[in-house]
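Heads up, the thing below is written out as C-alpha cells.
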Amino acid sequence: MVKIQQYGLALLSLSVAWPAFAAGPAVWGEGMMVKVRPDATVPGSSTEVRLTAARDEFASFQVALHGGEAGLRGVRARLPALEGPGMLTGPDVTLYREAYLTTRQASVPGQAVGRWPDGLVPDTDEVARETRNAFPFDVPVNEARAIWVDVHVPRDAPPGEYTGTVTVEADGGFQRQVTARLTVVDAVMPGTSSLSTAFLLSPVQVCRAHMGRDNCSSSELQSLLTRYQQMALEHRLTLPSIFLRAPWPPEWSDFDATWGPYLDGTSPTRLSGARMTSLEYEGPLIAEDLRDFTEHLRQRGWLGQGFIQIGDEPPHGSTFEQVHAAGELVRQVAPGLRTMLTTNSLQLKNNGLESLVDVVVPLVNHLDGTEPGFVGDQGATYTGFLSRPGTELWTYQSCMSHGCPPGSSMPENQPGSGWPSYLVDRSAAKARAMEWLTFLHGGKGELYYETAGMLPTAWTDQYHFNGNGDGTLFYPGTPSVIGGLTDVPVASLRLKLIRQGMQDYEWLKAVSDAGDPDFARKVARELMPTAWRVPDDGAAFDAARLRLIQRYQELTEGNPLAPRMGATPGLVEAPSQSGQVAPGTNAAVGGCGAGPGGSAAVAGGLLWAAWLLGGASRSRGRLSARKP
C-alpha cells in the first residue's frame with residue numbers, strides 16, 4: 001500500500017497546475033460534475049483530467065474556458081485519440097459545445113436564475129455522423145464557456161493507461177492544451193443496462209419539433225424515432241413508447257423490420273449488444289388487440305420486455321375502478337403481459353390491487369419520504385407484494401419532488417440537499433442520484449413520465465410542471481439549429497448525468513454480485529442518508545464510484561470463481577489475459593488481469609484520481625465565489 005501511495009503522489013506534479021492570476025483568457029480541465037455557468041465561474045488552471053472506466057463504459061469530462069479581459073473569438077477544439085495499449089478514436093471520441101438555456105424563474109428557491117448549460121451540440125453527431133456547428137464559437141469578455149467530451153471505451157480495448165490531448169485554438173494564434181489520462185480497468189460493463197428503464201417519449205412532440213406540425217404519419221416519424229431510440233440506448237435508457245397509437249395494431253412485418261434490431265440488441269449502437277429493456281402496449285383496451293400484441297411478443301422472444309400501464313397514479317390520473325377493470329382484462333386475455341402501476345404499497349394493499357400488478361412504481365417521495373404515512377424507508381412494506389413470483393419494484397421521480405402546483409416548493413429542496421432531480425437548474429449530483437437510490441431500495445427498474453414534453457421549444461423554454469426541464473431530456477437537432485443535413489436528437493447534459501448514474505448502478509451491482517453487497521450498500525448510504533438528502537457535492541459521487549471500482553478489483557483479482565461484471569448469472573467468466581506479461585518482467589500497463597505490477601498501476605491510477613477529486617472541490621469553491 002505504501003508503494004501505491006508513493007506512486008500516486010509522484011504524479012502530483014503532472015496533474016496539478018496551481019492557480020494563475022492573469023486577467024487573460026484561460027482554458028482548464030474540469031470534471032463532469034461541475035455546471036460551468038457563463039457569469040458564475042471563476043477561471044481555473046488545471047491542465048489535466050483523470051478518468052477511470054471499464055470497457056464498454058463512457059467516461060466524460062469538460063474543457064472550460066474563460067474570456068478574461070480580452071475574450072476569445074473563433075474557438076475550436078480537437079481530440080484526435082487517446083492512445084495506450086490500444087487507441088480510442090473516431091466515433092468513440094465526441095466533443096460538444098455546451099449550449100445554454102435561460103431560465104426566467106427558479107425551479108427551487110435558492111437556485112440562480114439565468115443561463116444554465118444543458119444542450120450539447122456535437123462536433124460530429126453520434127447518429128448520422130455528420131459535421132455540426134459546435135465549432136467555432138466565441139467566449140465573451142469576463143464570461144465562461146465549456147466543451148463537453150465523451151470517451152467510449154470499446155469492449156475489446158485492452159486495459160491500461162491511455163492519454164490524449166485536447167487542443168483548444170482561437171483567433172490570433174491562441175492555443176492551449178488539456179491532457180486527458182484514462183485508466184481502463186479490466187472489467188466489461190454490459191451494453192444493455194442491468195437496470196430496466198421506461199423513459200417515455202411522445203411521438204407527437206417529435207413531430208412538432210422536427211416537422212412543425214401535429215399530424216406526422218408513422219412512415220414520416222419512423223426514421224426519427226429510431227434515431228431517438230439509438231441515442232437513448234447509448235445513454236443506457238429505453239424509450240418504450242416508440243410508435244403512434246393509430247392505426248392499431250401496427251403492421252407487424254414493418255414493426256419487426258424497424259424495431260427488431262433494437263429489441264434484439266443488434267442495432268448500430270456503440271454499446272455492444274445494447275437492447276431495449278421495455279416495450280409498452282399503447283393500443284386500446286380491447287381483448288383482441290391485447291391478445292395479438294402479447295402473442296406477437298411471445299413469438300419473437302420479447303414478452304419479457306413488454307408491459308402495459310393499467311393506470312396512472314390513482315385516484316388522480318385514473319380511478320381505482322378503472323385500474324381494476326384494466327388489470328382483470330389483461331389477466332384474462334393476455335396472460336404473460338406484465339402490468340405496471342404507478343402507486344405505493346399503501347394504495348396497492350388498501351384497494352386490493354396486489355394480484356393485478358406485476359410492476360409497482362412508487363414515487364421516490366413515497367419510498368423514502370417525509371410526509372405522514374411515508375416517513376423513512378418504506379421498503380419493508382413491499383415485502384408481501386414482492387414475494388409473489390414475477391413481481392418487481394421500480395422507482396419514479398416527478399414534480400412531487402420540487403412542487404407541482406405553480407409557486408409551490410418542497411421544503412427539503414434547499415441548495416446542498418434535496419431530492420434527486422432531472423431539472424436544468426439543479427446540481428449535476430441531483431441528476432446522477434436516482435439510480436443509487438434504486439439500488440438501495442432493491443429496485444429493478446426506473447420509470448420517467450416523459451422525455452420530450454417541451455421538445456418544440458427546448459432551446460428557449462422548458463418550464464413545465466413548475467420546473468425547468470421537467471419531462472424534457474432531449475433537444476431537437478434540426479439542421480437550421482445545429483447544422484448538417486439530417487435531423488437528429490441532441491442530448492442534454494442531464495442525459496449524460498443520468499447515464500453516469502446508470503453506470504454507477506452497474507458498479508454497485510458488480511460489487512454486490514462479486515460477494516460484498518454490504519459494502520455496496522454502505523457506500524451508497526454514506527453518500528445519501530435518505531432520498532431527500534442528495535448532496536450537491538459531485539466530488540463525493542466520484543469518490544464513491546472509485547471506492548466501488550477498487551473493491552470490485554479486490555474481490556475479483558486472483559479469484560477466478562468471483563462473478564464478473566455483466567456475466568450471465570451462474571456463469572463465471574475467466575479474467576482477461578490481455579494485460580499479462582511474462583513472469584519476472586515489468587508490466588507496462590495495469591489491469592485486474594495484468595501481470596506483475598499491473599494491479600499496482602491501476603490502483604495507483606485510482607488513488608491519483610481520488611486525490612484529484614479535491615480539485616473538483618476547489619472548483620466548486622471557484623463557482624460559489626461568484627454566484628449571484
- Working for side chain to side chain donor-acceptor pair (under 3.5 Å), residues E126 and Y96: CA-CA 11 Å; E126 311 93 313; Y96 307 82; 2.6 Å; yes
- Message: Determine whether T163 and T179 satisfy the following criterion, side-chain contact (heavy atoms from CB on, under 4.5 Å), listing intermediate values before the conclusion.
- Response: CA-CA 7 Å; T163 303; T179 300; 3.7 Å; yes
- Task: Evaluate side-chain contact (heavy atoms from CB on, under 4.5 Å) for H402 paired with L423, printing each intermediate quantity in order.
- Result: CA-CA 9 Å; H402 60 267; L423 299 181; 3.6 Å; yes
- Item | Stepwise salt bridge (charged side-chain N to carboxylate O under 4.0 Å, His left out) check, R564 with D186 | CA-CA 10 Å; R564 260 52 183 182; D186 194 5; over 6 Å; no
- Apply the test side-chain contact (heavy atoms from CB on, under 4.5 Å) to residues M528 and L437: give CA-CA distance (whole Å), side-chain angles for both, the deciding distance (0.1 Å), then the verdict. CA-CA 8 Å; M528 286 174 288; L437 290 170; 4.1 Å; yes
- Item | Derivation of the side-chain contact (heavy atoms from CB on, under 4.5 Å) call for M502 and E506 | CA-CA 7 Å; M502 297 292 289; E506 298 294 348; over 6 Å; no
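Side chain of T52 to backbone of T183: no donor-acceptor contact under 3.5 angstrom is found. Between the side chain of R275 and the backbone N or O of G265 there is no donor-acceptor pair closer than 3.5 Å. Side chain of D123 to main chain of L95: no donor-acceptor pair is present (N/O by atom type, distance under 3.5 Å, no hydrogens or angles). The main-chain N or O of L195 is never found under 3.5 Å from a side-chain atom of E446 such that the two would form a donor-acceptor pair. Not one N or O on the side chain of E98 forms a donor-acceptor pair closer than 3.5 Å with the backbone of D118. At least one donor-acceptor pair closer than 3.5 Å links the side chain of T438 to the backbone N or O of M434. Between the side chain of Q378 and the backbone N or O of G376 there is at least one donor-acceptor pair closer than 3.5 Å. Panel note: side chain Q305, backbone L263; a donor-acceptor pair is recorded below 3.5 Å. Panel note: side chain Q230, backbone R227; no donor-acceptor pair is recorded below 3.5 Å. With R494 contributing its side chain and T472 its backbone, the two residues share a donor-acceptor pair below 3.5 Å.
Using a 4.0 Å cut-off between a side-chain N of Lys or Arg and a carboxylate O of Asp or Glu, D150 and K496 qualify as a salt bridge. Remark: E161 does not engage R181 in a salt bridge, criterion side-chain N to carboxylate O under 4.0 Å. Under the 4.0 Å criterion applied to side-chain N and carboxylate O atoms, R55 and D156 are not assigned as salt-bridge partners. Salt bridge annotation for R551-D516: present, with a cationic side-chain nitrogen under 4.0 angstrom from a carboxylate oxygen.
Here the CZ atom belonging to R50 is positioned 8.0 Å from the CG atom belonging to L182, to the nearest 0.5 angstrom. Here W436 contributes atom CH2 and F541 contributes atom CZ; the two are 7.0 Å apart, rounded to the nearest 0.5 Å. Atom OG of S401 is separated from atom OH of Y422 by 10.5 Å, given to the nearest 0.5 angstrom. The CG atom of L495 sits 7.5 Å away from the CE atom of M231 when rounded to the nearest 0.5 Å. For the atom pair NE2 (H152) and OG1 (T269), the distance works out to 8.5 Å, reported to the nearest 0.5 Å. In this structure, the separation between CH2 on W394 and CZ on F307 is 6.0 Å, given to the nearest 0.5 Å.
Between L367 and T395 the shortest side-chain heavy-atom distance falls below 4.5 Å. Counting heavy atoms from C-beta outward, Y449 and S398 have side chains that stay 4.5 Å or more apart. Residues Y228 and L201 meet the side-chain proximity criterion, which asks for heavy atoms closer than 4.5 Å. M276 is listed as a side-chain neighbour of Y262, based on a closest heavy-atom distance under 4.5 Å. The shortest side-chain heavy-atom distance between D92 and R270 falls under the 4.5 Å cut-off. In this structure, the side chains of H441 and D377 come closer than 4.5 Å at one or more pairs of heavy atoms. Side-chain contact check for N413 versus S421: every heavy-atom pair is 4.5 Å or farther apart. L237 has its side chain within reach of I498: a pair of non-hydrogen atoms, C-beta onward, lies under 4.5 Å apart.
M189 and M565 make their closest contact through CA-SD, 3.4 Å (heavy atoms, listed as atom of the first residue, atom of the second, distance). The minimum heavy-atom distance between G369 and W419, with the atom names listed, is CA-CH2, 3.8 Å. When every heavy atom of T192 is checked against every heavy atom of A274, the shortest pair comes out as OG1-CA, 3.4 Å. In terms of heavy-atom proximity, Y382 sits nearest to P362 at OH-CB, 3.2 Å. Between A428 and K35 the shortest heavy-atom distance is N-CE, 3.8 Å. Minimum interatomic distance between A429 and P535 (heavy atoms only, all atoms of both residues): CB-O, 3.2 Å.
Taking the centre and axis of the six-membered ring of W116, the NZ or CZ atom of R37 falls inside the cone set by 45° and 6.0 Å. Figure legend: cation-pi geometry between R499 and F58, with NZ or CZ positioned under 6.0 Å from the six-membered ring centre and within 45° of its axis.
Ring pair Y448/F199 is tilted by interplanar angle, where 30° to 60° counts as tilted.
Residue pairs meeting the salt bridge (charged side-chain N to carboxylate O under 4.0 Å, His left out) criterion with at least one partner in residues 421-430, sequence neighbours excluded, are K430-D536.
Using a 3.5 Å distance cut-off with no hydrogens or angles, the side chains of T238 and T277 do pair a donor with an acceptor. Between the side chains of T370 and E412, at least one donor-acceptor pair of N or O atoms lies under 3.5 Å.
With sequence neighbours left out, the side chain to side chain contact (heavy atoms under 4.5 Å, CB included) criterion links T391 to F385, L386, R388. Here K509 pairs with D513 under the side chain to side chain donor-acceptor pair (under 3.5 Å) rule; sequence neighbours left out.
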